[in-house]
Protein chains: 2
Amino acid sequence: MDDSITLNNAKNDPTKDRILDEAEALFALRGYDAVSIRKITGAANCNLAAVNYHFGNKQNLYLEVFRSRWLPRAVRIQKCFRESLAANGALTPSTVVESLAQAFIAGPLSEEERRRHHQLISGELAKPTEAFKMVADQAFRPLFDSLFEDLRSVLPDDIEEERLALKIFSVFAMVLYFNFARPLISSFTGCDYDAAFKERLVDHIVEFSINGLGAKSKETSI
Amino acid sequence: MDDSITLNNAKNDPTKDRILDEAEALFALRGYDAVSIRKITGAANCNLAAVNYHFGNKQNLYLEVFRSRWLPRAVRIQKCFRESLAANGALTPSTVVESLAQAFIAGPLSEEERRRHHQLISGELAKPTEAFKMVADQAFRPLFDSLFEDLRSVLPDDIEEERLALKIFSVFAMVLYFNFARPLISSFTGCDYDAAFKERLVDHIVEFSINGLGAKSKETSI
DNA sequence: GGATGTTTTATACATACGTTTGATTGTTGC
DNA sequence: GCAACAATCAAACGTATGTATAAAACATCC
């Protein structure tokens, strides 16, 4: 078992990588308990004992999926967000929300990657394991903090910290929900998640984040 | 096995009810695959064979949890929503959103019930089984349709159907996310989900739904 | 080319699973 | 009291699970 620094985590050990790939796909699709080591090693075309040899045990393999597969993808998404934001010129609430929604909904991941990514993390959100803490510390927290600073600088500056945090969570709520609840949304709107619909989704999230329901013409806020 | 009309589904058969209660708690907490029939019957203090006697098999028990426990609770929430909306007098976007958020976040369920309710359904959203179709047809769809009509009647009437649907989903996104992602939100804001915080949450959701980020003073919408 | 260290293999182990069975207890109507 | 039915029980079934082990295959270096 090599635990060297693994400068480049891909191609280091073909078997280990195949196991990680197949394990991720299966964990995302069916959840931790519904996936056996035998199914994983079967899919990865390697021996049953390979998981315990390379990762010690099943729980460790699950954790390693998050460490070496999920986290780098989260980094890619956030990189995409920051680049898109920088390319957008002005820093405004609109551009922040648009870059964020764009990165998450139509960003650098393939459809299949996005499905895996969100299914894995929604499993953790629903029933947090050790992996959750890692992901919260290394992915959610930095993104949240950077959004906090970005938005604080472009929103009226008398805004309370808690209120700003809730606003950020609300944007997140939409971005994640429109990924998470795809089956429901597709079935109720009749729309596939093709490029055109995703573009409309991003537009909608930006508009809703800026204007809410668009109810200003009929009433004032409470 | 009695399959009579079950006018009142409680107290009909103590063992059956105990199994349903414990099964729901365990399924919500750990998920379908992680919960064995032995754990359920152990918690319900009855014989291992009771599940297969009363429900045929495990999958059927899971389905029955949704039919006889989850759905009635969804009905209670929606009843609370409609009553609160009626009591509110005027039908406006604010009152619709407030009643909805109120019903879901601080509504008729106990904290424990709410936890179960949302964990069960988020399991289904993540990996839909047969139960999902039932719940979508009998709970989500009617609520969605009634919200659709309510909001259509109080929003500018040139609004496209798809746009209105997305707005409704966005409100749902917040309501559900603020329940779903409790661990994350508590940890990032430092707030417990006590009555005071839930009240602020409802206020926030209403305000965000009406005014978005509150960015109007610094820019116009795209 | 033989020794050394790493990876893969086949097989075994103990435990846990969902489901079935057949006997036993409890309950109801006569 | 007894027949008919409903519910509970202990025990067993075959299968699947996570993990361990020891032998085999492979790689690398002197």
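Convention: sequence-line order gives letters A, B, ...; per-chain numbering from 1. Heavy-atom basis, side chains included; hydrogens, waters and symmetry copies ignored.
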A.B. asks: Could you tell me how far apart A:Gln59 (CD) and D:dG18 (C1') are, to the nearest whole angstrom?
C.D. replies: 12 Å
A.B. asks: What is the separation between atom CG on B:Asn52 and atom P on C:dC17, rounded to the nearest whole Å?
C.D. replies: 14 Å
A.B. asks: What nucleic acid atoms does A:Ala49 come within less than 4.0 Å of, heavy atoms only: base, sugar-phosphate, or nothing?
C.D. replies: base
A.B. asks: In this structure, how many angstroms lie between the P atom of D:dT19 and the CZ atom of A:Arg38, rounded?
C.D. replies: 11 Å
A.B. asks: How about A:Phe172 and A:Phe140: are their ring centres within less than 6.0 Å of each other?
C.D. replies: no
A.B. asks: Is it the case that the side chains of A:Thr189 and B:Glu162 hold a donor-acceptor pair, with the cut-off being a distance below 3.5 Å and no angle test?
C.D. replies: no
A.B. asks: If the cut-off is 4.0 Å, is B:Thr15 near the phosphate of D:dA7, judged by side-chain N/O to OP1 or OP2?
C.D. replies: no
A.B. asks: Quick one: which of C:dT8, C:dA12, D:dC9 gets closest to the side chain of A:Asn47?
C.D. replies: C:dT8
A.B. asks: Tell me which nucleotide among D:dA6, C:dT11, D:dG18 gets nearest to the side chain of B:Tyr53.
C.D. replies: D:dA6
A.B. asks: Do A:His204 and A:Phe178 have ring centroids that are under 6.0 Å from one another?
C.D. replies: yes
A.B. asks: Flag the pair B:Phe144 / A:Phe188 as yes when their ring centroid distance falls below 6.0 Å, and as no otherwise.
C.D. replies: yes
A.B. asks: What nucleotide, of C:dA12, D:dC9, D:dA12, holds the atom closest to the side chain of B:Cys46?
C.D. replies: D:dC9
A.B. asks: In whole Å, what is the span from the NZ atom of A:Lys58 to the P atom of D:dA16?
C.D. replies: 15 Å
A.B. asks: Given atom CZ of A:Phe55 and atom C1' of D:dT19, what is their separation to the nearest angstrom?
C.D. replies: 16 Å
A.B. asks: Could you state the CG-P distance from B:Asn57 to C:dT19, rounded to the nearest angstrom?
C.D. replies: 5 Å
A.B. asks: Rounded to the Å, how far apart are A:Ile40 CD1 and D:dT17 P?
C.D. replies: 10 Å
A.B. asks: Phosphate oxygens OP1/OP2 of C:dT6: is one of them under 4.0 Å from a side-chain N or O of A:His54?
C.D. replies: no
A.B. asks: Would B:Lys127 count as a cation-pi partner of B:Tyr32, with NZ or CZ less than 6.0 Å from the six-membered ring centre and within 45° of the ring normal?
C.D. replies: no
A.B. asks: Whole-Å distance between D:dA7 C1' and B:Arg18 CZ?
C.D. replies: 12 Å
A.B. asks: May I ask you to evaluate whether B:Ser36 reaches the phosphate of C:dA16, defined as a side-chain N or O under 4.0 Å from OP1 or OP2?
C.D. replies: no
